Asks: 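Can you read through this structure? Questions will come right after.
So you know, we letter chains A, B, ... as the sequences are listed, proteins then strands, and number each from 1. Note that the structure is a prediction, hence the values are computed from the model and not measured.
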Amino acid sequence: MMTEQKFAGCPLPREFYARDTVTVARDLLGCILVHRSREGITAGKIVETEAYLQGDPACHAARGMTLRNRVMFGPPGFAYVYFTYGMHYCFNVVSAREGVGEAVLVRALKPLVGIELMQRRRGRNSIHDLCSGPAKLTQAMGIGREHNQVDLTGSRLFICFGTADAPIVTTTRIGIKEGKDLPLRFYLRGSRFISRK
DNA sequence: AGAGCGATGGCCT
DNA sequence: GGCCATCGCTCTA
């Protein structure tokens, strides 16, 4: 299949991730997240992200390195997947540079490939309810604990270059208690696939 | 050793 | 809008 070949061959290079986190968060909009799992391939266009920065109270790395957040302090271009609320996984990409605990949370995708598999994994049919939230998209994409620390320049779980096809809206982040006034959430204007307005 | 709670989602009213 | 499932991480002692 044409799309599969196209998505398969072009993981973003490490240099893409080795930039300041806000730039990475913005540039990820329009890019394609791909997971080649045993069950099949799924892919979606990134339409919503959030940046989590050093010195930012909402960032998991805010109080230094721990067992959970240590991948955030490692080299850029790796996945940071964490478990929350006793049942959900969230997917981040590590950005910036080694020693700096920063990452970008991927909050929503526009489903592109493997929609039937996503529907099965989610137990939902509506295209707008498959990847419209950070924990929804990990479920739809089959991303879990085993993907923590995965190298995103590899061929199993990766991101392909793409460009934003709409202006980027900058707003405050969702679901956090501290740092809620910081303008670190980004989404593609007019997308019907974002988690919320 | 244990309490408190969370970068959420689904279902209810 | 509100409630709550569910559990690993973090902090306090």
Side-chain angles (χ1 to χ4, degrees), chain A residues 17 20-26 28-29 31 33 42 44 46-74 76 78-96 100-111 117-150 152 157 159 168-188 191-197:
Chain A
Y17 302 102
D20 89 85
T21 298
V22 168
T23 300
V24 174
R26 296 175 65 92
L28 278 173
L29 296 175
C31 293
L33 175 63
T42 50
I46 297 172
V47 297
E48 178 182 347
T49 60
E50 286 179 355
Y52 285 85
L53 309 178
Q54 190 122 311
D56 157 15
C59 181
H60 282 179
R63 294 180 196 174
M65 186 161 60
T66 65
L67 211 51
R68 175 174 72 155
N69 67 24
R70 58 192 237 100
V71 60
M72 293 180 77
F73 290 87
F78 286 78
Y80 169 48
V81 179
Y82 68 87
F83 182 64
T84 191
Y85 291 104
M87 59 186 82
H88 300 303
Y89 292 96
C90 292
F91 169 78
N92 303 252
V93 305
V94 176
S95 51
V100 176
E102 302 192 347
V104 175
L105 171 69
V106 178
R107 287 193 56 91
L109 307 174
K110 175 185 179 181
L117 177 52
M118 291 184 183
Q119 289 170 324
R120 215 178 315 140
R121 283 168 170 162
R122 289 273 302 131
R124 293 282 183 289
N125 284 324
S126 167
I127 187 83
H128 294 111
D129 200 22
L130 297 179
C131 298
S132 54
K136 291 182 185 178
L137 75 88
T138 55
Q139 186 180 25
M141 293 289 290
I143 295 171
R145 210 173 182 63
E146 67 274 24
H147 297 98
N148 189 40
Q149 228 171 336
V150 163
L152 296 173
L157 178 65
I159 301 173
I168 296 174
V169 178
T170 303
T171 62
T172 53
R173 295 171 296 182
I174 295 184
I176 55 172
K177 284 241 171 76
E178 306 205 71
K180 51 171 61 169
D181 294 332
L182 299 173
L184 295 174
R185 174 173 175 247
F186 310 98
Y187 65 87
L188 294 180
S191 173
R192 298 188 55 204
F193 297 93
I194 62 176
S195 63
R196 50 169 283 199
K197 292 273 184 187

Asks: Judged by each residue's nearest nucleotide on DNA chain C, which is more toward the 5′ side, Tyr85(A) or Arg145(A)?
Replies: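 Closest to the 5' end, via its nearest nucleotide, is Tyr85(A).
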Asks: Using a cut-off of less than 4.0 Å, is there contact between a side-chain N or O of Thr66(A) and OP1 or OP2 of dT10(C)?
Replies: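 The answer is yes; a side-chain N or O of Thr66(A) sits under 4.0 Å from OP1 or OP2.
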Asks: Nearest-Å distance, CD (Glu48(A)) to P (dA7(B))?
Replies: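 Those two atoms, CD and P, are 16 Å apart.
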Asks: From C-beta outward on Asn92(A), which listed nucleotide comes closest to its side chain: dC7(C), dA7(B), dG9(B)?
Replies: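 Looking only at heavy atoms from C-beta outward on Asn92(A), the closest nucleotide is dA7(B).
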Asks: Starting at atom CZ of Arg63(A), determine the distance to atom P of dA7(B), rounded to an integer number of angstrom.
Replies: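 Going from CZ in Arg63(A) over to P in dA7(B) covers 11 Å.
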Asks: Pick the closest DNA chain B nucleotide for Arg122(A) and for Met72(A) by heavy atoms, then say which residue is nearer the 5' end.
Replies: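 On the 5' side of the pair lies Met72(A).
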Asks: Taking OH from Tyr52(A) and P from dA7(B), how many angstroms apart are they, rounded to a whole number?
Replies: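 Interatomic distance, OH of Tyr52(A) to P of dA7(B): 7 Å.
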Asks: So what does the secondary structure string of DNA chain B come out as, 5' to 3', with Watson-Crick or wobble pairs under 3.5 angstrom, [ ] for crossing and | for pairs with another strand?
Replies: ||||||.|||||.
Asks: With sugar-phosphate meaning primed atoms plus P, OP1 and OP2, does Ala135(A) contact a base, only sugar-phosphate, or nothing at under 4.0 Å between heavy atoms?
Replies: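 Sugar-phosphate, no base atom in range.
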Asks: Give the rounded distance in Å between these two atoms: CZ of Arg185(A) and C1' of dT8(B).
Replies: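 In whole Å, dT8(B) C1' lies 14 Å from Arg185(A) CZ.
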Asks: Would you please say whether a donor-acceptor pair under 3.5 Å links the side chains of Tyr89(A) and His147(A)?
Replies: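 No, no side-chain donor-acceptor contact under 3.5 Å.
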Asks: I'd like to know if the side chain of Asn69(A) reaches the main chain of Gly64(A), judged simply by a donor and an acceptor atom lying under 3.5 Å from each other, with no hydrogens or angles considered.
Replies: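 Looks like yes, one N/O pair under 3.5 Å.
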Asks: With respect to the phosphate group of dG6(B), does any side-chain polar atom (N or O) of Lys177(A) fall under 4.0 Å of OP1 or OP2?
Replies: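 Checking Lys177(A) against dG6(B): at least one side-chain N or O falls below 4.0 Å of OP1 or OP2.
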Asks: What integer distance in Å separates His88(A):NE2 from dC5(B):P?
Replies: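 Distance, rounded to whole Å: 19 Å.
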Asks: Taking the side chain as everything from C-beta on, heavy atoms only, tell me whether Leu33(A) gets closer than 4.5 Å to Thr42(A).
Replies: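 Leu33(A) vs Thr42(A): side chains apart.
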Asks: When you measure from the side-chain N and O atoms of Arg68(A) to the phosphate of dA7(B), is any distance below 4.0 Å, counting only OP1 and OP2?
Replies: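 So the side-chain polar atoms of Arg68(A) never come under 4.0 Å of the phosphate oxygens OP1 or OP2 of dA7(B).
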Asks: Any side-chain to backbone donor/acceptor pair from Thr138(A) onto Phe91(A)? Under 3.5 Å, distance only.
Replies: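 No; zero donor-acceptor contacts below 3.5 Å.
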Asks: Calculate, to the nearest 0.5 Å, the distance between atoms NE2 and CD1 belonging to His128(A) and Ile194(A) respectively.
Replies: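 Those atoms lie 11.0 Å apart.
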Asks: Whole angstroms only, please: what is the CZ-C1' distance between Arg124(A) and dT8(B)?
Replies: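 Roughly 13 Å, once rounded to whole Å.
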Asks: Got a donor-acceptor contact below 3.5 angstrom from the Arg107(A) side chain to the Glu50(A) backbone?
Replies: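 No; zero donor-acceptor contacts below 3.5 Å.
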Asks: Using only atom types and a distance under 3.5 Å, with no angle test, would you say the side chain of Arg185(A) pairs donor to acceptor with the backbone of Arg173(A)?
Replies: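 No, Arg185(A) side chain to Arg173(A) backbone: no donor-acceptor pair under 3.5 Å.
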Asks: Rounded to the nearest Å, what distance is computed from the CG atom of residue Leu105(A) to the C1' atom of nucleotide dT8(B)?
Replies: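 My rounded result for the distance is 11 Å.
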Asks: How far, in whole Å, is dG4(B) from dC4(C) if one measures between their C1' atoms?
Replies: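 To the nearest whole Å, 16 Å.
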Asks: Rounded to whole Å, how long is the line connecting atom OH of Tyr89(A) with atom C1' of dA7(B)?
Replies: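 Value for this atom pair: 16 Å.
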Asks: When the C1' atoms of dC5(B) and dC3(C) are considered, how many whole Å apart are they?
Replies: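 Comparing C1' positions in dC5(B) and dC3(C) gives a spacing of 16 Å.
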Asks: Tell me every residue that passes side chain to side chain contact (heavy atoms under 4.5 Å, CB included) with Gln54(A), counting only those two or more places apart in sequence or in another chain.
Replies: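 Once residues adjacent in sequence are excluded, the partners of Gln54(A) under the side chain to side chain contact (heavy atoms under 4.5 Å, CB included) criterion are Phe73(A), Val100(A), Glu102(A).
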Asks: Among the nucleotides dT8(B), dA7(B), dC7(C), which one has an atom lying closest to any side-chain atom of Phe83(A)?
Replies: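 Of dT8(B), dA7(B), dC7(C), dC7(C) is nearest to the side chain of Phe83(A).
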Asks: Would you tell me if any nitrogen or oxygen in the side chain of Arg107(A) comes within less than 4.0 Å of OP1 or OP2 on dA7(B)?
Replies: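 So the side-chain polar atoms of Arg107(A) never come under 4.0 Å of the phosphate oxygens OP1 or OP2 of dA7(B).
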